[in-house]
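Lettering follows sequence order; numbering is per chain, from 1.
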Amino acid sequence: MIELENVAYSYGGGELLSDISLKLAPGSFHFLTGPSGAGKTTLLKLCYGALLPTAGYVRLFDADVRGLDRDDIAAVRRRVGVVHQDVQFLDHLSVSDNVSLPLMVSGRQDDAAGNDLGELLSWVGLTNRADAMPPELSGGERQRAAVARAVIMSPDVVLADEPTGNIDWEMSQRLLRLLIELNKMGKTVLIATHDLSLIRATKAHVQARVLRIANRRIQLAGADL
Amino acid sequence: MKLGGGILQHLRALVAGDRQADRVVPPSGFTAQLTVFVAGAMAFLAVFALALSLAAGRLAERWGDELAQSATIRIVAPLDQRQAQTEAALRILETTAGVATARALTDEEQQALLAPWFGPDLALDTLPVPRLIEVIEEGDGIDPVGLRLRLSAEVPGAVLDDHGRWRAPLVQAADRLRLLGWLSIVLIGAAVAAMVTLAASAALAANAQVIAVLRLVGAQDDYIAQAFIRRFTLRTLAGAAVGTLLGVLAVALLPSASDVGGFLTGLGFQGAHWLLPIVIPLLAAGVAFAATRAAARRTLRGLT
């Protein structure tokens with residue numbers, strides 16, 4: 001699905017990530033952890049073509065990311081659902097419109113997926129908020145709406161960057177259950193988080209691998225977590 | 001929709017409209033009205049520039065055509081020799097290459113020509129008024145230098161005036177005026193392009209977050225650009241249509257052309273030319289379309 005090979009990334013000055021090799025196999029569940037500023041977000045951005053590696057190769061669905069034009073990147077993003085920590089919506093559209101935005105922009109509004117919108121909203125528990133505007137949502141509601149938006153296209157991969165960053169424990173448990181359910185439906189999931197208790201709580205339900213970024217490199221964390 | 005094809009096809013698609021693409025960009029307020037206003041004002045000016053160009057063109061053509069094909073010979077001689085010299089000049093003209101017809105004006109015609117200056121009661125036969133011979137040319141026209149030589153040998157009182165002397169600067173002035181008119185239209189078009197580019201760039205910058213969200217969920221550049229292109233094209237079209245309509249009305253309300261008014265009252269449209277201003281809003285919309293598309297592409301290329 002997504003493959004990084006000896007990837008390095010530097011922001012102007014020093015190197016943030018170096019010699020990263022990573023392979024997200026279909027149906028796998030990964031956590032990405034590490035201290036703040038270690039490069040978790042950067043690594044995720046490399047995984048959906050928002051950043052290009054300064055060295056090495058990134059292959060998205062078997063295509064070298066450097067060979068993709070802007071429309072190809074757009075096509076990749078229809079197969080990769082992304083949930084940001086500070087998730088952004090179109091504030092002038094209702095929650096249900098925002099959730100179905102990926103269908104709208106890809107011209108699939110009338111697809112069967114569009115009919116499942118109600119089902120999807122009830123799955124994330126936002127049925128009553130369907131007509132609300134995004135600024136009216138609470139933090140947890142925003143995150144769940146983001147998950148709904150990320151999966152409405154039935155993507156192959158779901159990437160989540162600190163999805164539980166600004167919501168309480170109970171809500172983050174709920175959110176995590178949604179992501180675990182997605183994984184059980186066969187989606188590849190990668191969650192960046194620094195919340196180790198969240199990782200521990202998840203490991204009871206799903207076989208998750210934990211990757212840790214330390215000293216610019218990535219390593220498989222031990223089973224002690 | 002691919003943006004590579006014909007502009008017309010895109011304009012049609014724009015008018016048909018992708019309401020959904022339009023909806024993803026938040027509605028804009030006051031600045032949108034400015035685009036409409038400027039487009040209207042520019043179209044209004046363009047109507048006058050167009051009228052000026054067409055009027056100057058007509059003027060240059062008229063002076064060029066009517067006067068290029070004619071010349072005048074004045075017979076300045078004492079009254080008793082005038083008739084003889086006139087006949088001699090006419091004989092010479094009969095054998096001159098390039099002359100279609102030559103005809104001496106009658107006393108009545110000359111009186112009519114002088115009436116505006118001396119009144120209708122002038123007794124021409126008592127005055128040494130020169131006799132005028134009207135020469136209508138054909139083909140490449142006459143050779144004025146050769147004709148003058150022959151006339152000076154045989155008709156001492158004859159003076160050839162081939163009109164070129166005073167016609168050339170007038171035609172040149174009219175041509176210049178026409179050129180200035182067209183140049184104004186080009187400048188107006190460029191100003192519309194600049195205005196739309198500024199407005200579109202501002203709108204794109206103001207909606208940077210919207211664009212980022214759209215890119216994140218997999219929108220292609222064309223889809224995002226479409227929403228902006230549609231807005232600015234339709235706004236410019238609407239503004240320019242109103243401006244053109246007002247401009248045409250203003251031109252129509254100008255006093256109508258007459259012989260005494262001369263050039264100034266000739267400013268306006270004639271016949272089928274009244275349909276030409278319809279092109280102005282279409283051109284303005286085309287310019288807005290191209291300008292917005294270029295601005296959108298430039299902005300989008302800078303994003304991930």
Surrounding CG of Asp86(A) (heavy atoms of other residues, nucleotides or ligands, distance under 6.0 Å), is the total greater than 12? yes

Find out whether Val210(B) and Gln88(A) are in side-chain contact, i.e. whether some heavy atom of one side chain is under 4.5 Å from a heavy atom of the other. no

Smallest separation among heavy atoms of Ala74(A) and Ala219(B), with atom names: CB-O, 3.7 Å

The interface call for Phe89(A) against chain B, heavy-atom contacts under 4.5 Å, is backbone

Test item: His84(A) and Leu216(B) side chains (from C-beta on) under 4.5 Å apart, heavy atoms: yes

Close side-chain approach of Val217(B) to Arg78(A), heavy-atom, < 4.5 Å: no

A side-chain contact here means heavy atoms from C-beta on lying under 4.5 Å apart; do Leu101(A) and Val213(B) qualify? yes

Enter the distance from Arg215(B):CZ to Ile73(A):CD1 here, rounded to the nearest 0.5 Å. 7.5 Å

State whether the number of non-hydrogen atoms from other residues, nucleotides or ligands found under 6.0 Å of Tyr57(A) atom OH is greater than 12. no

Determine whether Val25(B) and His92(A) satisfy the following criterion, side chain to side chain contact (heavy atoms under 4.5 Å, CB included), listing intermediate values before the conclusion. CA-CA 8 Å; Val25(B) 178; His92(A) 63 289; 5.6 Å; no

With a 4.5 angstrom heavy-atom cut-off, which part of Asn98(A) approaches chain B: side chain, backbone, both or neither? neither

So which atom in Asp71(A) and which in Gln220(B) form the shortest heavy-atom distance, rounded to 0.1 Å? OD1-CB, 3.5 Å

Give, as side chain, backbone, both or neither, the part of Arg149(A) having an atom under 4.5 angstrom from any heavy atom of chain B. side chain

